Amino acid sequence: MSKPRIEYIDIAKGICIILVVYAHIDEQILDHRIGVFFDSFRMPLYFFLSGLFFKCYSGWAEFAVKKFNRLVVPLFFFFLFAFLVDLAVAGIQFQTGDSRALAEFDWRIWQPLRSGGGGPHNPPLWFLTCLFEINLLYYLLHRRLSGRWMHAAVVLISVIGWELASHRLLLPYKMTSTLAALPFFHAGAVFRRAGWLEENRRRDIGGYLSILPLSALVWFIARPIYTSQAYFPGPYWVLYTAGIGGSLAILFLSKGIKRLPGVRQLGRYSLIVFGTHWPLLKAAGDWIYPLMGESAAGHLLVLGIVLACEAVLIPVGIRWFPRFTAQQELIPSSRFRKA
């Protein structure tokens with residue numbers, strides 16, 4: 001029997017995925033302080049929330065197969081989805097008089113995947129590669145280290161990643177980003193092990209009271225970060241203070257809200273939204289921006305269209321493609337479970 005879901009975690013995921021989608025729609029948002037504020041913890045929040053549910057299972061084989069099912073299989077599936085959507089759009093453009101549409105179409109399939117991302121058809125898929133690597137790395141560390149040695153190892157690895165990024169030494173398969181992002185995942189895992197997901201009224205009040213101070217701190221120190229490119233301007237401590245501080249503020253805020261059905265639904269199936277939003281926002285933008293321009297109203301309308309489409313795609317993904325959207329396992333992990 002599956003455990004009941006923690007509703008406020010789904011709300012936090014929903015807030016996170018909305019921030020991700022909007023940041024991909026409005027590329028000028030970093031020209032404003034509010035954009036820098038959210039950007040400083042937008043992707044760290046995703047890693048933090050993923051770390052909340054880290055579990056070793058029965059051993060390495062079962063763990064690796066589960067993560068392959070939940071991250072690598074969707075990566076390939078969502079790349080194919082975006083490739084086919086872009087191809088359909090190019091075909092329509094060709095049929096309506098754009099003779100260059102198919103000639104200029106990017107037909108590469110293996111190269112974007114081999115480089116650890118989704119290429120021009122679905123660039124955000126780099127995150128699934130990075131999260132898969134973080135899970136494997138964290139498993140190895142968790143099996144061999146504990147306590148202060150675990151914390152020290154995570155800090156050391158992140159320093160290596162940050163230094164590599166600072167000198168623009170980018171390892172294959174987004175590994176530089178993986179090393180640098182490890183503390184966000186670790187913070188989520190530590191947060192859960194410390195019992196913060198359990199109900200505790202006194203502690204919850206402390207969490208709620210910390211929302212404004214944490215937000216103010218992040219507001220003043222925030223720098224824009226580009227995790228996919230392993231580009232982290234600003235000091236080392238700012239990257240992790242803003243990333244973890246912002247993540248905690250969103251988590252406590254979500255717990256205080258308690259119920260937000262639409263956002264909760266987006267959060268529960270955030271992987272489907274994450275994997276499908278890019279081609280949708282491109283298609284919506286091609287339709288909206290010639291009419292309204294790339295204004296705030298235009299961006300919000302594109303966001304509304306994308307989220308409305310996701311309300312249709314989520315049930316489709318759950319019902320017709322459960323093994324490719326991490327709702328069911330493509331490769332049964334039970335075969336690899338230790339007795």
Side-chain angles (χ1 to χ4, degrees), residues 10-30 35 38-39 41-47 49-50 70-90 106 112-113 116-131 174 226-229 250 260 262-289 294 296-322 324-327:
D10 284 335
I11 293 174
K13 288 182 178 179
I15 294 173
C16 183
I17 195 61
I18 291 172
L19 291 175
V20 168
V21 174
Y22 189 80
H24 291 157
I25 292 172
D26 184 1
E27 296 180 353
Q28 276 71 53
I29 193 167
L30 292 182
F38 285 120
D39 191 70
F41 63 82
R42 174 172 54 91
M43 294 315 298
L45 174 58
Y46 231 133
F47 289 115
L49 294 172
S50 300
R70 293 177 182 177
L71 297 170
V72 178
V73 171
L75 187 154
F76 281 91
F77 176 75
F78 291 131
F79 175 83
L80 180 61
F81 168 82
F83 183 92
L84 293 176
V85 170
D86 286 352
L87 181 58
V89 170
D106 192 333
L113 294 171
H121 297 296
N122 207 340
L125 293 183
W126 69 267
F127 173 76
L128 299 184
T129 300
C130 196
L131 186 56
K174 305 296 181 182
Y226 306 89
T227 314
S228 63
Q229 304 166 37
I250 292 294
L260 206 59
V263 174
R264 176 179 178 270
Q265 179 77 352
L266 291 172
R268 179 172 184 176
Y269 301 106
S270 61
L271 179 63
I272 296 176
V273 180
F274 187 88
T276 58
H277 76 276
W278 184 266
L280 297 178
L281 68 86
K282 287 199 302 179
D286 289 343
W287 176 46
I288 294 297
Y289 294 142
E294 296 191 26
H299 294 322
L300 289 173
L301 183 55
V302 170
L303 176 64
I305 292 171
V306 171
L307 296 183
C309 291
E310 295 295 352
V312 175
L313 287 178
I314 287 173
V316 170
I318 296 170
R319 180 171 182 180
W320 298 104
F321 304 100
F324 300 97
T325 57
Q327 306 308 307

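In this text the structure is predicted, and so the values were computed from the model without any measurement.
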Heavy atoms of Q265 and I314 approach each other most closely as NE2-CG2, 4.1 Å

Value for CD (E294) from CG (D26), rounded to nearest 0.5 Å, stands at 8.5 Å

Smallest heavy-atom separation, V302 atom then L281 atom, equals CG1-O, 4.1 Å

Starting from the C-alpha separation in whole Å, work towards a yes-or-no answer on side-chain contact (heavy atoms from CB on, under 4.5 Å) for W278 and L125. CA-CA 10 Å; W278 184 266; L125 293 183; over 6 Å; no

Point to revise | Working for side-chain contact (heavy atoms from CB on, under 4.5 Å), residues I318 and I272 | key: CA-CA 9 Å; I318 296 170; I272 296 176; 4.3 Å; yes

Between P279 and V85, the two heavy atoms sitting closest are CB-CG1, 3.7 Å

Distance col, row I15:CD1 vs I17:CD1, nearest 0.5 angstrom, shows 12.5 Å

Which of F127, W126, Y269 passes ring-ring contact (aromatic ring centres under 6.0 Å, His included) with F274? Answer is F127

Closest non-hydrogen atoms of I305 and A284, given as atom of the first, atom of the second and distance, are CG2-CB, 4.0 Å

Of all heavy-atom pairs linking L45 and A12, the shortest is CD2-O, 4.3 Å

When rounded to the nearest 0.5 Å, the distance separating CG of L303 from CG of L307 is 4.5 Å

request  = Evaluate the side-chain proximity of F324 to L80: yes if any heavy-atom separation is below 4.5 Å, no if none is.
outcome  = no

- [ ] Any chance you could lay out the ring-ring contact (aromatic ring centres under 6.0 Å, His included) test for Y22 and F38, step after step, and finish with the verdict?
- [x] CA-CA 11 Å; Y22 189 80; F38 285 120; 9.4 Å; no

* Stepwise, does the side-chain contact (heavy atoms from CB on, under 4.5 Å) test hold for F78 with L271? -> CA-CA 10 Å; F78 291 131; L271 179 63; 4.1 Å; yes

Separation between CE (M43) and CG (L19), nearest 0.5 Å, reads 10.5 Å

message = Between R268 and K13, is the side-chain contact (heavy atoms from CB on, under 4.5 Å) condition met? List the steps.
response = CA-CA 7 Å; R268 179 172 184 176; K13 288 182 178 179; over 6 Å; no

d(T276 OG1, E310 CD) to nearest 0.5 Å is 3.0 Å

CG of L313 to CZ of F81, rounded to nearest 0.5 Å, is 5.0 Å

Residue pairs meeting side-chain hydrogen bond (donor to acceptor under 3.5 Å, both in side chains), one or both in residues 71-88, sequence neighbours left out, come to D86-H121, D86-K282

query = Between the main-chain N or O of L30 and the side-chain N or O of D39, is there a donor-acceptor pair closer than 3.5 Å?
reply = no

On a heavy-atom basis, the closest approach of N122 and F79 is ND2-N, 4.5 Å

Salt bridge (Lys or Arg N to Asp or Glu O under 4.0 Å) filter on R264, not counting sequence neighbours, yields E7

Exactly one of F83, W320, F321 clears ring-ring contact (aromatic ring centres under 6.0 Å, His included) with F77, and that residue is F321

Exercise for the section: Could you tell me whether the side chain of K174 and the main chain of S228 form a donor-acceptor pair under 3.5 Å? Expected result: yes

